[in-house]
Amino acid sequence: MPEGHTIHRFARDQTKLIAQQKLHITSPQGRFADEAKLIDRRKLNRIEAAGKHLFYHFAGGRILHVHLGLFGKFRVHENPPPPPRGAVRVRMTGKEKTIDLNGPNTCEVIDRAEYQDILDRLGPDPLRKDADPDRAWKRIHASKQPIGLLLMDQSIIAGIGNIYRSEILHLLRIHPRTPGNEITKPQFNKLWKLAKELLTLGVKHNRIITIDLKTLKKSIETTPRRKLFRIFKKPNCPSCGGEIERFKMASRKVFACPACQPSS
DNA sequence: TTGATTGTTACCGG
DNA sequence: TCCGGTAACAATCA
């Protein structure tokens, strides 16, 4: 579900959808109800995405912070909405649509200081206008850690997840085990540009797309998810046909072609 | 029923 | 201190 583009997509869509929205808080486990009282539900000023984090800014400096984690999901219903399915943490009801949130990693009301703490520990997000890629470059250039690990570190670069890491490194022909300090500046510049392009495409279509769309016969909507990737969970390399290797890095499976992405 | 999974954090041992 | 490994948590589907 997540990866940074998803949350930017929600921020964008919800901002349109939520005009004059009211929030109705449902909390089957009783975990969120007290916190929810802290926000003025009628005064939602703006919705902001940073990396994989989503912030709803309410009047009075109260901020609803959502992180979808692995399983978090927004469901959009036409009004009148069906009964909540499963543990709905937040239900936002507008004039025409209702949005339910299930299974988030984080769903809490925070103040401006806590919000700032979260922003401060995030690296630059390629989807944001205020992103400073040089911050990411400095961290990567100074690190002996493998680039496959660094790309998963949200304090270095925010928004990339497990699928994009394998796909981006394959497109750049960089092996995930390459130490950060062996990445050249031109390579990093390409990496940043590619991340920005792919994430932007992801926001547009609400899918992770790393193949060349010109080769696609069917529409994106009717194409199975996995056919929009190049090597993630694939047995063979789309470039050379060779066998894809898979191993764990940052406790997650990473995919690479030993031939096209030679280890240094 | 089991296992896997677009994620993060805390904790522990080397 | 730094690193890697592990567990916990969330929900759904094959």
Side-chain angles (χ1 to χ4, degrees), chain A residues 1-11 26-32 49-55 65-75 84-91 99-108 110 114 117-123 125-127 139 142-171 176-177 179-181 195 198-211 220 223-234 246-255:
Chain A
M1 172 67 358
E3 303 259 19
H5 76 274
T6 305
I7 217 72
H8 281 265
R9 166 87 179 196
F10 280 122
T26 317
S27 184
Q29 304 92 339
R31 275 183 299 183
F32 190 68
K52 301 171 186 173
H53 298 255
L54 188 60
F55 301 101
H65 172 217
V66 171
H67 190 296
L68 294 179
L70 210 47
F71 310 121
K73 192 166 216 162
F74 284 107
R75 290 194 182 94
R85 178 174 152 197
V88 172
R89 299 293 300 279
V90 176
R91 165 165 279 192
I99 302 167
D100 285 343
L101 172 61
N102 287 73
N105 183 334
T106 304
C107 179
E108 60 184 358
I110 59 176
E114 293 166 307
D117 284 346
I118 295 165
L119 287 193
D120 288 348
R121 59 167 204 257
L122 287 177
D125 172 350
L127 283 175
R139 290 281 304 274
S143 176
K144 289 182 283 190
Q145 303 256 90
I147 186 68
L149 210 59
L150 297 173
L151 287 186
M152 292 291 275
D153 185 337
Q154 302 298 304
S155 75
I156 291 178
I157 180 166
I160 291 175
N162 195 36
I163 297 180
Y164 282 121
R165 119 171 118 171
S166 287
E167 298 291 324
I168 286 172
L169 291 176
H170 182 261
L171 281 162
R177 291 202 223 268
N181 59 15
L198 292 179
L199 290 167
T200 301
L201 192 66
V203 172
K204 184 176 174 189
H205 298 286
N206 204 25
R207 306 285 291 271
I208 295 174
I209 302 166
T210 58
I211 58 164
I220 292 169
T223 303
R225 183 165 310 192
R226 54 181 304 132
K227 294 205 169 175
L228 299 172
F229 309 150
R230 297 165 55 82
I231 65 161
F232 188 79
K233 284 192 180 171
K234 298 285 169 68
R246 52 178 73 188
F247 49 90
K248 284 208 171 176
M249 190 176 263
S251 340
R252 315 290 303 281
K253 274 185 193 156
V254 61
F255 298 76

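All values derive from a computational prediction rather than experimental measurement. Per chain, numbering begins at 1; letters A, B, ... match sequence-line order.
In this view, A/His65 and A/His53, A/Phe55 satisfy the ring pair (Phe, Tyr, Trp, His ring centres under 6.0 Å) rule, not counting sequence neighbours. For A/Phe232, the ring pair (Phe, Tyr, Trp, His ring centres under 6.0 Å) partners at least two apart in sequence or on another chain are A/Phe229, A/Phe255. In terms of the salt bridge (charged side-chain N to carboxylate O under 4.0 Å, His left out) criterion, A/Arg207 has no residue partners (sequence neighbours excluded). By the side-chain hydrogen bond (donor to acceptor under 3.5 Å, both in side chains) test, A/Arg246 is found to be paired with no residue, residues two or more places apart in sequence or in another chain being considered.
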Sub-3.5 Å pairs of nitrogen or oxygen atoms, protein against nucleotides 7-9 of chain B:
unit_1	atom_1	unit_2	atom_2	d
B/dG7	OP1	A/Lys52	NZ	2.8
B/dG7	OP2	A/Asn162	N	3.1
B/dG7	OP2	A/Arg252	NH1	2.9
B/dG7	OP2	A/Arg252	NH2	3.2
B/dG7	O4'	A/Leu70	N	3.4
B/dT8	OP1	A/His67	NE2	3.4
B/dT8	OP2	A/Lys52	NZ	3.2
B/dT9	OP1	A/Arg121	NH2	3.0

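Taking atom CZ of residue A/Arg89 and atom P of nucleotide C/dA10, one finds them 9 Å apart after rounding to whole Å.
Phosphate proximity of C/dA11 to A/Arg75: absent, as no side-chain N or O sits under 4.0 Å from OP1 or OP2.
As judged by a 4.0 angstrom heavy-atom cut-off over every strand, A/Phe232 is placed among residues touching the sugar-phosphate backbone only. Heavy atoms of A/Leu149 sit under 4.0 angstrom from primed sugar atoms or phosphate atoms, though from no base atom. Residue A/Lys233 is classed as a sugar-phosphate contact, given heavy-atom separations below 4.0 Å to backbone atoms only.
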- Message: Please convert DNA chain B into dot-bracket. A pair counts if it is Watson-Crick or G-U wobble with both distances under 3.5 Å; crossing pairs go in [ ] and bases paired with another strand get |.
- Response: .||||.||||||||

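Shown here for A/Ala50 and A/Leu119, the closest heavy-atom pair between the two residues is CB-CD2, 3.7 Å. Listed here is the closest heavy atom pair of A/Pro176 and A/Pro146: O-CB, 3.3 Å. The minimum heavy-atom distance linking A/Ala11 with A/Leu54 is given by the pair CB-CD1, 3.7 Å.
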